[in-house]
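These notes concern the structure reproduced below.
Residue numbers count from 1 along this sequence.
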Amino acid sequence: MLSKFPCLRQDFLASIVVFLVAVPLCVGVAVASGVPAELGLVTGIVGGLVTGLMPGSSLQVSGPAAGLTVLVFEAVSEFGVSALGVIVLIAGLLQLAMGFLGIGRWFRAISVSVVEGMLCGIGLVIIAGQIYAAAGLKAPESGIGKIVGLPGALAEALGSAAALASLAIGAGTIAVVVLWKKLPKAVQSVPGALAAVVLATVATLALSLPVATVKVEGLLGVIQPPGAEAFGELANPAIWGTIIAFALIASAESLFSAAAVDRLHDGPRTQYNKEMIAQGTGNTVCGLLGALPMTAVIVRSSANVGAGAKTKASRVLHGVWLLLFAAALPAALALIPIPALAGILVHAGWKLIPFRQIADMWRNHKGETLILVITAVSIVAVNMFEGVLIGLALAVIKTAWEASHVKLEVIDKGAGPIQACLSGNATFLRLPKILDSLEALPQDRPVELDLSGLHHVDHAVRTALENWAVQHSATGTEPVRVTADAEPVKASTGV
């Protein structure tokens with residue numbers, strides 16, 4: 001047996017570690033998304049047994065991700081839990097289409113500042129929202145409302161013994177997760193998140209604390225394939241923005257995770273289009289089951305690599321363990337305190353904020369830092385989808401601006417024609433600068449326009465140069481002469 005599967009031992013042990021990491025995260029993401037806890041496990045199971053079997057990235061692990069929590073919560077609040085399956089299903093089909101069309105590799109071209117800004121914005125919203133959950137309070141719906149309302153929420157919590165007990169469990173959970181890494185290696189073989197949830201559960205039961213726990217409905221009870229009424233929601237134009245956001249953000253997160261995981265091991269590299277197809281297949285199945293959307297999750301993936309996994313068998317086995325846990329021990333979920341899960345997600349949200357990258361980016365690329373900050377603020381102030389679109393638009397504008405460098409050098413020897421030499425890329429973005437300089441030239445002097453240094457001239461600049469040449473020559477001045485190999489403007493105008 002071992003001769004046929006030489007890596008079975010390493011993969012088996014790694015699967016146990018990933019399973020232990022995945023359980024609290026699957027449950028926590030589901031609760032924070034406003035859906036039954038079991039749906040998070042369903043997505044984790046599909047991520048292991050369906051996506052895990054498919055080609056693409058051999059060692060990264062898929063399941064419900066903290067990065068989609070905000071988007072899922074918004075979708076459930078607006079369209080209801082019944083419509084979630086349809087949204088995830090159509091998003092999965094879009095991912096499949098993008099994978100088969102070979103679009104997967106293009107996600108690698110997305111600006112890093114936009115991605116970091118997206119993660120930062122998501123992290124801030126998760127942290128703010130889960131502080132309310134840790135205190136047992138209802139959080140405002142908008143991201144900005146969550147942040148602005150924090151002082152009032154904390155003041156309210158200080159006046160309630162139940163809220164203080166709940167906050168203590170949440171804070172204790174965060175402390176255990178943070179301090180766990182400072183313990184001996186032997187102790188760290190148990191994932192810190194799992195240890196924190198277990199300790200919080202024991203403390204809640206032992207002290208009989210008035211803390212809310214996870215509501216359990218049973219695995220079969222929560223699986224609700226979308227019906228005709230749910231598909232009827234597709235007639236609502238607003239739902240399509242959510243579907244597109246699910247598809248694009250889940251794809252980007254998965255493929256960026258794949259790139260990060262590739263740097264952690266020496267095994268086969270990710271095949272991006274196949275990974276997109278694998279993710280699309282998983283989300284299609286999740287949609288049919290009415291479960292949460294999935295992405296590749298860097299926390300589980302790095303745990304998988306760190307535990308010594310060698311093949312995709314580890315992630316498939318982790319899906320088996322999740323299935324056995326959900327089927328055999330559903331009552332165990334009902335013992336988990338909600339503030340403990342909130343603490344796990346506060347820690348996950350904190351890790352999403354790229355503090356080190358922001359500092360490095362500010363030193364070397366202040367423009368990119370500005371895009372990151374605006375993207376994050378837009379996600380908090382508006383919503384996930386529009387915030388990312390704003391960030392992408394800014395990145396495109398910045399790139400276009402930087403790519404349109406143009407230099408105009410004027411040489412006037414006092415006698416004879418004035419020489420105006422243009423070099424670089426002449427686009428409409430720099431047209432005001434070009435025209436201001438040319439129109440400032442003396443009208444009564446002939447001009448030689450040297451365009452040989454231009455690499456590119458767009459239509460707007462070409463037309464403007466033609467018009468300027470006509471106007472400059474209208475007063476009887478000698479026609480503008482061009483010294484260039486290319487012919488960027490019409491010869492009939494003298495330019």
Side-chain angles (χ1 to χ4, degrees), residues 18-48 51 61-77 79-85 87-88 91 122 125-126 129-130 132-134 139 170 173 193-194 196-197 200-201 212-226 246 250 253 282-283 285-297 299-300 318-319 321-323 325-327 329-349:
V18 177
F19 160 70
L20 295 176
V21 171
V23 169
L25 289 175
C26 286
V27 176
V29 169
V31 172
S33 300
V35 301
E38 292 90 340
L39 285 183
L41 293 172
V42 171
T43 299
I45 293 166
V46 173
T51 303
V61 184
S62 298
L68 287 179
T69 301
V70 177
L71 194 58
V72 175
F73 185 84
E74 291 174 353
V76 170
S77 299
F79 306 109
V81 178
S82 60
L84 181 62
I87 293 172
V88 177
I122 292 169
V125 176
I126 289 175
Q130 293 308 303
Y132 290 89
T173 302
L194 180 68
V197 169
T201 302
T213 56
V214 175
K215 294 180 180 179
V216 176
E217 299 181 25
L219 195 61
L220 295 179
V222 299
I223 295 177
Q224 296 182 353
F246 269 55
E253 188 168 339
N283 273 319
V285 174
C286 286
L288 291 172
L289 297 175
L292 289 170
M294 76 163 58
T295 73
V297 187
V299 175
R300 270 163 265 188
H318 120 276
W321 311 143
L322 284 175
L323 176 60
F325 175 81
L329 298 171
L333 297 177
L335 301 176
I336 299 175
I338 288 179
L341 297 177
I344 295 294
L345 287 174
V346 167
H347 182 258

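Shown are N283, L68, V72; of these, the side chain to side chain contact (heavy atoms under 4.5 Å, CB included) with F246 is made only by V72. A side chain to side chain contact (heavy atoms under 4.5 Å, CB included) with V31 holds for exactly one of L39, L341, T69; it is L341.
In this structure the side chain of V297 never reaches within 4.5 angstrom of the side chain of V61, judged on heavy atoms. Considering only heavy atoms from C-beta on, P337 comes within 4.5 Å of T201 through its side chain.
For the atom pair CG of L345 and CD1 of I126, the computed distance is 6.5 Å after rounding to the nearest 0.5 Å. Summarising the geometry, atom CD belonging to E74 is positioned 6.0 Å from atom CG belonging to L71; distances are rounded to the nearest 0.5 Å. Here the CD atom belonging to E38 is positioned 11.5 Å from the CG atom belonging to L292, to the nearest 0.5 angstrom. With rounding to the nearest 0.5 Å, the separation of SG in C286 from CD1 in I87 is 14.0 Å.
Pairing each heavy atom of V197 with each of P24, the nearest pair is CG2-CB, 3.9 Å. The minimum heavy-atom distance between P339 and A212, with the atom names listed, is CD-O, 3.7 Å. R300 and C26 make their closest contact through NH1-SG, 3.6 Å (heavy atoms, listed as atom of the first residue, atom of the second, distance). Residues M294 and A250 share a closest heavy-atom pair of O-CB, 4.0 Å. Residues P64 and V29 share a closest heavy-atom pair of CB-CG1, 3.9 Å. Closest of all the heavy-atom pairs between A65 and E253 is CB-OE2, 3.6 Å.
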Handout entry: Worked verdict on L335 versus T213 for side-chain contact (heavy atoms from CB on, under 4.5 Å)
Key = CA-CA 6 Å; L335 301 176; T213 56; over 6 Å; no

